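Let me begin by presenting the structure, written as structure tokens, before commenting on it.
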Amino acid sequence: MRLEFIPVDYDYFDFEGKNFIRLIGRTSKGERICVIDSYEPDFWVILKKEYEDKAPFVAQHIQKVEVKKAGRTTRVLKTEVHDKKFLGRKVKAIRVFVTNHKDAHDIASEIGDMKEIEFRREYDIPIITKYIKEKKVEPLKWYTLEGSLLGEKDFGGIVNSLDMKIFVRAENFSEMKTKNEFKPKILAFDIETDDTEIGKGDILMISVFGSGIKKVLTWKKCTECQNYVDFFRNEKEMIEGFIKLVKEYEPDILTGYFSDGFDLPYLKQVCVKNKIRLSLGLDGTEPVFSKGIIRSGKISGLVHLDLFRFISAVYSQYLQSETLSLNEVAGELIGENKKNFSFEKLSSMSATDWKDFFEYNLQDSKLTYLLAEKLWADIFAMSHIIKEPLFDITRDRMSSHVENYILHNLERFNEIAEKRPVYEDIHKRKALGKYEGAYVLQPVPGLYEDMCVFDFTSMHASIIVSFNLSKSTFLEREGKESYKTPEFLFDGKKSVFYFSKEKGFFSELLEEIVELRKKYKKEYIKDRSNLLKARSNAYKLLANASYGYLGFFGARYYCREAAASTLAFVRDFSKKSIQRMKDEGYNVIFSDTDSVGFQLNGKTKKHTKELLKRINSELPGIMELDLEGFYDRGLFVAKRTAKEGAKKKYALIDEKGNLKIRGFETVRRDWCRLTRNLQNDVLKSILKKGSEKEASKIFKEVVEKIKKREVDLKDLMIRTQLRRPIGEYVSEGPHVIAAKKMKEKEIPVSEGMLIEYFIGENKGRGKRVGDKVFLPDEKADYDIDYYLNNQIIPSVENIFEVFGVDVKEISQGESQKKLF
DNA sequence: GGAGTTCGCATACC
DNA sequence: ACAGGTATGCGAACTCC
């Protein structure tokens, strides 16, 4: 038979000791389908140079290897001798096929002491990645599938164990180049509980939202409730109802927001309590949670997607949101928020309270669903480009994405993959110190007019490409044809590193990534489709993460020398650009890593743009300097502790009146609203008017308001993240004290939470700020002196200092007036 | 026990 | 453990007399 098929989820199983891959997807008619494909597990053995002519002999020897383990005997099935490359070097390699992927590691260990063998590789790549790499059946791509329908008895009766209609044994896949759209069936869900701690409380309700479905399932009684509420006799039946609903809806994706960490494990715990199984899997299995710090819940046969995970790992850098709460993220991305419901009511709920609670619960699922739809293009593009299944795409961090991209493209270079660092490697790598980073120019405090900013496009990536920096191209000494880094301090020693001019796969792949990013960005500008934008973004993310990957201790292609060399070039180009702009008669004000900001000094914008063109024609490789923008004014302040200018802190205004504020308290979430708003208003006023006159009025008004206790407590709340368990803090800052208070009051506190508190008057109880910490619902008068001296004055002091104005005098003047 | 200094911590920039 | 280094600035905790 032949049909059109798109793989969505990948899994594997053993049958008669062999590995088989199970693909779950859809046909072009929209039917859910299970495809079984065979896979021959293998790994590579690389021979030492001097034993290359012994390859057939070594292969023969390996062929006989057997490992007995857990009552099972693993054999080498066959061996093949190949000419391959490893880290760009030509090698003689033996491809070793084994009975089971799980045993590749054991066989590799068994032959580890053979003197002819230099390396053993690729036994540590996950089976699904190897399968996709080998068979080229890539996620979310359409294929014409040839195969045969499975019978009742095939593969131990898989047809009956899996809740699905079509089962096919694959014989051949051919990619359909023209077809590339896919809209998955998504179901979002969310639970509400009476205790936030997993395993402690009951699940009161479960909401689901999908195309053509919106429901709240509950066992709480409520007469005259919304028609989307389904009532059950008890918690157990509600959960069974949920499982049934998911099965009948047949989603490709079941999505939640923080469902890896809350909804799914909570459901599982409650099932244990009720002595039922959370059999969401198409094969009737329960979700399986991976080990590790962040646990991921895998449901067999469908994709469980935790949107929070994807957003926090990959997407958050595009967001303005200060927290990644569903409310804030949904507000930003889809312009809709959570419903209000106060959880204090839980102990005594009226009928209308339940009504509100159901609506609240449903809204969370709705927001999650809308977010999934919104982010689908990005997730789809990532999965396409990186060639990993949705489950992993939505949970992996950027380092894994970069690495998987490399792994899936190595074959074009005839390369055998490097091994993953083992624990000892990681330990060693982490013990090595930091290497010198980028250059930041210290500005002179002041208000500057007629400014312009240039910055290098994807600076690190373009340097890696232009100078071929990577593990495989790093040379121990100068070669005939090699790139030379500027001299720099490396581990306390003046060093110069050399990299081969013969293109390595790392820089070649990165160059492609940069090119593809340019291409899709151009296409997107012509045809503003979500998919083109998502593609362009995905390539941009990969390009930007590639440098970090080189220096990341967990990377297969970790190369500290290449990472440090990249930064040596970054510093070199940065300083050269600064000098160049000075030489051209501009007044350079600031610079950070890849940017240079300067005053035009009477030169025209046209002249400046032409200079930029000239500079670009002189830059090597794919390096490119870009016009970031022209600005009417820019404000730079001194550090609080010293007279000198503060780095990474500035405010610019363009001709349209748009502000660009960096580093100031305004953009920091651990300062109270009042301070942030005041500083923002002060900056805006100064940049618009070019003087501080009006700004000082604004300041005086706020000082008055504070002193008269007219400020809303809401605007005085300080929010600080609790980044570790309370007990692990060496130093007890105010937010830790606030967290302890919360714990005493049995308000749930957990790592990663934003702790909210204000500073109130607390006569004579210690002199730490922490001794004056109050939680939002505690009654206390706010501490006028604290908010004056530790919040608003510090936030504007250095700004007014630029104009020679002492705000302390102003504020004291105000208090004098008040005294009179 | 107060002033000065160092250190821990959170958050920002690129 | 889950990309890197550079930087500011608060408040606690220490040092010193």
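Each chain gets a letter, A, B and so on, in the order its sequence line appears, and its residues count up from 1. Since the structure is predicted, the reported quantities are computational estimates derived from the model, not experimental observations.
A straight line from CD of A/Glu436 to C1' of C/dG5 spans 10 Å, rounded to a whole angstrom. The interatomic distance linking A/Phe590 (CZ) with C/dA7 (C1') rounds to 15 Å, in whole Å. Between the C1' atom of C/dC10 and the CD atom of A/Glu732 lies a distance of 16 Å, rounded to the nearest Å. The CG atom of A/Leu510 sits 17 Å away from the P atom of C/dA3 (whole-angstrom rounding). The NZ-C1' distance, from A/Lys428 to C/dA1, rounds to 18 Å in whole Å. A/Lys648 has its NZ atom 13 Å from the P atom of C/dG9, to the nearest Å. Atom C1' of nucleotide C/dC10 and atom OH of A/Tyr786 are separated by 8 Å, given to the nearest angstrom. Counting to the nearest Å, the P atom of C/dG9 and the CD1 atom of A/Ile793 are 16 Å from each other.
Backbone-only contact: A/His735 has heavy atoms under 4.0 Å from sugar-phosphate atoms and none from a base. When heavy atoms are screened at a 4.0 angstrom cut-off, A/Arg724 is found touching the sugar-phosphate backbone but no base atom. Within the nucleic acid shown, A/Gly437 comes within 4.0 Å of sugar-phosphate atoms alone, with no base atom in reach, counting heavy atoms only. Across all strands shown, A/Arg669 has heavy atoms under 4.0 Å from sugar-phosphate atoms exclusively, and none from any base. Here A/Tyr729 lies in heavy-atom contact (under 4.0 Å) with sugar-phosphate atoms only. A/Gly554 comes within 4.0 angstrom of nothing in the nucleic acid, heavy atoms only. Residue-level contact check: A/Tyr650 touches the backbone only, with heavy atoms under 4.0 Å from sugar-phosphate atoms and none from bases. Across all strands, A/Ser400 comes closer than 4.0 Å to no nucleic acid atom at all (heavy-atom distances). Residue A/Lys647 is classed as a sugar-phosphate contact, given heavy-atom separations below 4.0 Å to backbone atoms only. Using a 4.0 Å heavy-atom criterion, one finds that A/Tyr439 contacts no nucleic acid atom at all. Backbone-only engagement by A/Arg768 is indicated by non-hydrogen atom pairs under 4.0 Å involving sugar-phosphate atoms exclusively.
Between A/Phe467 and A/Tyr483, the ring planes lie perpendicular to each other; the angle is over 60°, past the 30° to 60° tilted range.
Around CZ of A/Arg560, the count of heavy atoms belonging to other residues, nucleotides or ligands within 6.0 Å exceeds 12. Annotation: A/Lys133, atom NZ; neighbour count of heavy atoms from other residues, nucleotides and ligands within 6.0 Å is above 12.
Between the side chains of A/Arg309 and A/Thr394, not a single donor N or O lies within less than 3.5 Å of an accepting N or O.
Here the closest non-hydrogen pair linking A/Val802 and A/Gly446 is CG1-CA, 3.7 Å. Nearest approach of A/Ser466 to A/Gly621, heavy atoms of both residues: OG-CA, 3.5 Å.
In this structure, A/Arg397 reaches the C/dA3 phosphate: one of its side-chain N or O atoms is under 4.0 Å from OP1 or OP2. In terms of phosphate contacts, A/Asn790 brings no side-chain nitrogen or oxygen within less than 4.0 Å of OP1 or OP2 of C/dC10.
Map A/Ala438 and A/Asn544 each onto its nearest nucleotide of DNA chain C; the residue landing nearer the 5' end is A/Asn544.
For A/Thr473 (side chain) and A/Asn468 (main-chain N/O), a donor-acceptor pair under 3.5 Å exists by modelled atom type.
In this structure, the side chains of A/Ile464 and A/Phe499 stay at 4.5 Å or more apart for every pair of heavy atoms.
Picking from C/dG9, C/dC2, C/dG11 the nucleotide with the shortest atom distance to the side chain of A/Phe553 gives C/dC2. Closest approach to the A/Trp671 side chain among C/dG11, C/dC10, C/dT6 is made by C/dC10 (side chain taken as heavy atoms from C-beta onward). Distances were taken from every side-chain heavy atom of A/Asn798 (C-beta onward) to each of C/dA3, C/dG11, C/dG9; the shortest belongs to C/dG9.
For residues 540-553 of chain A, the side chain to side chain donor-acceptor pair (under 3.5 Å) pairs, not counting sequence neighbours, are A/Glu403-A/Tyr549.
Taking a heavy-atom distance under 4.0 Å as the criterion, the stretch of DNA chain B touched by chain A extends 5' to 3' from B/dG8 to B/dC14.
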